[in-house]
Asker: 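My questions all concern the structure below.
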Amino acid sequence: MITATATEMQNNFGKYLNLVMIGQQIVVTKNGREVGRFIPKDAAVSYLTDSLTGILKGDYNLDEAKEERLKGKYGSVD
């Protein structure tokens, strides 16, 4: 994992983009604090999938879940 300041990222974006494209992860800092990360697309998909493990159990229907969420937020959606 590589660390770069926000200024370094701004001034050398192409360099860091190439590093991400070959699989590197870049931690971006500002004033010494981590403010973000640039990660390869495959790692992002894997991260999101792993974060949902255990949340989406059993038979999950996206349309039904969306309808239930909207009903809870706005009442009937008919």
Asker: Cluster question for you: counting only ILVMFWY and a side-chain heavy-atom cut-off of under 4.5 Å, with indirect links fine, are V27 and V35 together?
Answerer: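 Hydrophobic grouping puts V27 apart from V35.
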Asker: How close do A4 and I26 get, heavy atom to heavy atom, and via which atoms?
Answerer: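 That closest heavy-atom pairing would be CB-CG2, 4.2 Å.
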Asker: Checking the side chain of T29 only, and the main-chain atoms of G32 only, is there a donor and an acceptor separated by less than 3.5 Å?
Answerer: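 Side chain of T29 to backbone of G32: no pair is present.
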Asker: Distance check, rounded to the nearest 0.5 Å: R37 atom CZ versus T3 atom OG1?
Answerer: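 So the gap between those two atoms works out to 8.5 Å.
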Asker: Please walk me through it: do V28 and T5 pass side chain to side chain contact (heavy atoms under 4.5 Å, CB included)?
Answerer: CA-CA 5 Å; V28 183; T5 66; over 6 Å; no
Asker: Is M1 reachable from F13 through a run of hydrophobic residues whose side-chain heavy atoms are each under 4.5 Å from the next?
Answerer: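 No, because F13 and M1 fall into different hydrophobic clusters, even though each may have its own neighbours under 4.5 Å.
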Asker: Show me the pairs that pass side chain to side chain donor-acceptor pair (under 3.5 Å) and involve residues 12-28, at least two apart or across chains.
Answerer: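 Those involving residues 12-28 do not exist here.
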Asker: Applying the 4.5 Å side-chain criterion to the ILVMFWY set and letting contacts propagate, would M9 and I2 be lumped into a single cluster?
Answerer: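 Yes; I2 is reachable from M9 via cluster members.
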